[in-house]
Number of protein chains: 2
Amino acid sequence: MRAVSETGYRVNAAARDLRQRRARSILILAPNLSNTFFSRIFAAVQEEASAAGLTVQISDSRIGRDRILSLGHDGRADGIVLLDGGLEPEVVNGWQLPLIQLSEWNDAYVAPHLGIDNHAAASLAVEHLAELGHHSVMHVSGPKHNVLAVARRDGFLAESAKRAMEPSVFSGDFTLEAGAEAARRWARLPVLDRPTGVFCASDECAFGFISESVHMGYTVPGDVSVIGFDDIDFADRFLPALTTIHQPRAEMGRIAAKRVIDMIRCLHREGLGPSEDPTQSIEASLVVRSSTGPASRGRDAVT
Amino acid sequence: MRAVSETGYRVNAAARDLRQRRARSILILAPNLSNTFFSRIFAAVQEEASAAGLTVQISDSRIGRDRILSLGHDGRADGIVLLDGGLEPEVVNGWQLPLIQLSEWNDAYVAPHLGIDNHAAASLAVEHLAELGHHSVMHVSGPKHNVLAVARRDGFLAESAKRAMEPSVFSGDFTLEAGAEAARRWARLPVLDRPTGVFCASDECAFGFISESVHMGYTVPGDVSVIGFDDIDFADRFLPALTTIHQPRAEMGRIAAKRVIDMIRCLHREGLGPSEDPTQSIEASLVVRSSTGPASRGRDAVT
DNA sequence: CTGAAAGCGCTTACAG
DNA sequence: CTGAAAGCGCTTACAG
């Protein structure tokens, strides 16, 4: 044994993987690797995986059917954390691997899902605006076919209907630019028709909205209250600090990772059942900061 | 062949890797996966790798000597993109793999480096402040032993000395919180000693500084001009929009990936030499936005 | 050109 | 308990 360590021997992973029919690796798939929403999730997944002796592979999930298909098929991953609900169900269900859906989901995928209740979270945002006296409220939504976007929009619509508010929706795509465009559209509305409360489907989008409104001469929350969604790192340092829906991203990544790892172990008959409670859920919460305030009468920008 | 595709046969990567003595995978190592500076680099590396038929592994580089050592040794990666200059040289040089240093570097690593000239970029920032008439300038630095932090601080010091300015340095660590702490320290200075220009070693840090100063009642750039470093995604939507040093992160990731891929191919005798010019360098530039302005006389905050 | 054999470096089941 | 053999699923070099 001493000789072994002295010569600096290292097991060859490819050989071991082949013999054991496992890869000691988990794969993270996300629709856009440069989105800051995902970064903390990646970190958490990698931390858990590393602690379990697993390696982490990462890939953009929008890289073409063939490539994505082979990622789950070539025997290089033992399990998958999937952050994209927009892949073809045949592809996802075709991978015969432990898989967990995180954040986004798709009912056609035969796999457990972990994430917040987006509908309820959107209601929270509307409730907050209602309590501040806002009556006319606007939602800057995410992409039309994104499950998260749909759930948040439906939650917004349902809650504002329940409270007899006047809701409107601007169709966006979660980006800064969509928020800015929504602000321009908002400003073009006749003063009296202008919503005084805006709920954005993402923090980025809210940053874009606020930034553009301020550039046009409006004040936040003086002229318009803005709520984001996600509570990304910069939210509390934005000016004004952003009122938003907090998603515990690190926790989400950690639990998802633990759960795939459990599924993998279970498959290999290691350990006796899951260490994580599979019904454990993730709670979103409203974080009130400075971008929302009492409803004011509409007025024109001081340009 | 038809029968093959009809049965849905897929080559087993572990078996092929073992036989061919390669992994078709590159490894990205970064000191902190949740830092937004890295996200766009990851995306670019993964894009290039995917185009070349390679898989991407990602890992935090601060996970313990043994684990990090085996990542480069177990035959699962063909090449490495290293974003951390703080690992032990014996570890890094012990991996006998194609490797490129990106952004951070360490002279003890026997591997090419790709990145901007941080010293020169810092000079650019000081030059900008000088042209706006600032005389007393402060630098909020990165961690003491970080190469990037040292280069930026030295550039700041050299350029401000050259221009006979009055420089001071607050020792930070690139974070929002460090920026905020620097702002508090700054505010405590006697009005006449207060630097009117602040150069932060990162955008996050600049956000923290601006956010905290505004909360204390100061205005940016009215009372103090602030420059960041990196030009991360939110920089142009911050309020005020952040003047900063632009680093072309996507391009950095892309070129680094191409270069490791070339090194790998070269090693396997595929292709005839590098497709990328190995002397190609990365240029940083100053992006002037709204967080900097003419030097004003110091005054106390309207609290 | 085609097809069978050897071998990549491990792990595991089995014989001694 | 120890040690030699078989085999994971491929690729490649070689014999026919």
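Owing to the predicted nature of the structure, the values given are computational and were not obtained by experimental measurement. Both backbone and side-chain heavy atoms feed into the values below; hydrogens, waters and symmetry mates do not. Quick note on labels: first sequence line is chain A, next is B, and so on, each numbered from 1.
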Whole angstroms only, please: what is the CG-C1' distance between A:Asp17 and C:dC10? 10 Å

Can I get a per-line list of side-chain donor-acceptor pairs under 3.5 Å for residues 40-55 of chain B, giving both atom names and the distance, sequence neighbours left out?
| unit_1 | atom_1 | unit_2 | atom_2 | d |
| --- | --- | --- | --- | --- |
| B:Arg40 | NE | B:Asp233 | OD1 | 3.3 |
| B:Arg40 | NH2 | B:Asp233 | OD2 | 3.0 |
| B:Gln46 | OE1 | A:Ser59 | OG | 3.4 |

Secondary structure string for DNA chain C (Watson-Crick or G-U under 3.5 angstrom, | for other-strand pairs): |||.||||||||.|||

Write out a two-atom table: protein N or O, nucleotide N or O from nucleotides 4-8 of chain C, distance below 3.5 Å.
| unit_1 | atom_1 | unit_2 | atom_2 | d |
| --- | --- | --- | --- | --- |
| C:dG7 | N2 | B:Arg19 | NE | 3.0 |
| C:dC8 | O3' | B:Arg21 | NH2 | 2.7 |

Can you list the residues that meet the side-chain contact (heavy atoms from CB on, under 4.5 Å) rule with B:Asp173, with sequence neighbours excluded? B:Pro143, B:Thr175, B:Ala178

Whole Å only: how far is the CZ atom of B:Arg16 from the P atom of C:dC10? 20 Å

Return each pair, listed once, that meets side chain to side chain donor-acceptor pair (under 3.5 Å) where at least one residue sits in residues 98-108 of chain B; pairs must be two or more places apart or across chains. B:Glu104-B:Asn146

Qualifying residues under ring-ring contact (aromatic ring centres under 6.0 Å, His included), relative to B:Phe174, sequence neighbours excluded: none

With sequence neighbours excluded, what pairs up with A:Ala14 under the side-chain contact (heavy atoms from CB on, under 4.5 Å) test? A:Asn12, B:Asp17, B:Leu18

Just the rounded figure in Å: distance from P of D:dC10 to CG of A:Asp74. 11 Å

The side-chain contact (heavy atoms from CB on, under 4.5 Å) partners of B:Val91 (sequence neighbours excluded) come to B:Arg65, B:Ile68, B:Leu69, B:Glu88, B:Trp95

Starting from P on C:dC10, measure out to CZ on A:Arg24 and report it in whole angstrom. 13 Å

Test side-chain contact (heavy atoms from CB on, under 4.5 Å) applied to A:Ser171 - qualifying residues, sequence neighbours left out: A:Ser141, A:Lys144

Any B:Leu267 side-chain heavy atom under 4.5 Å of B:Pro98 side chain: yes

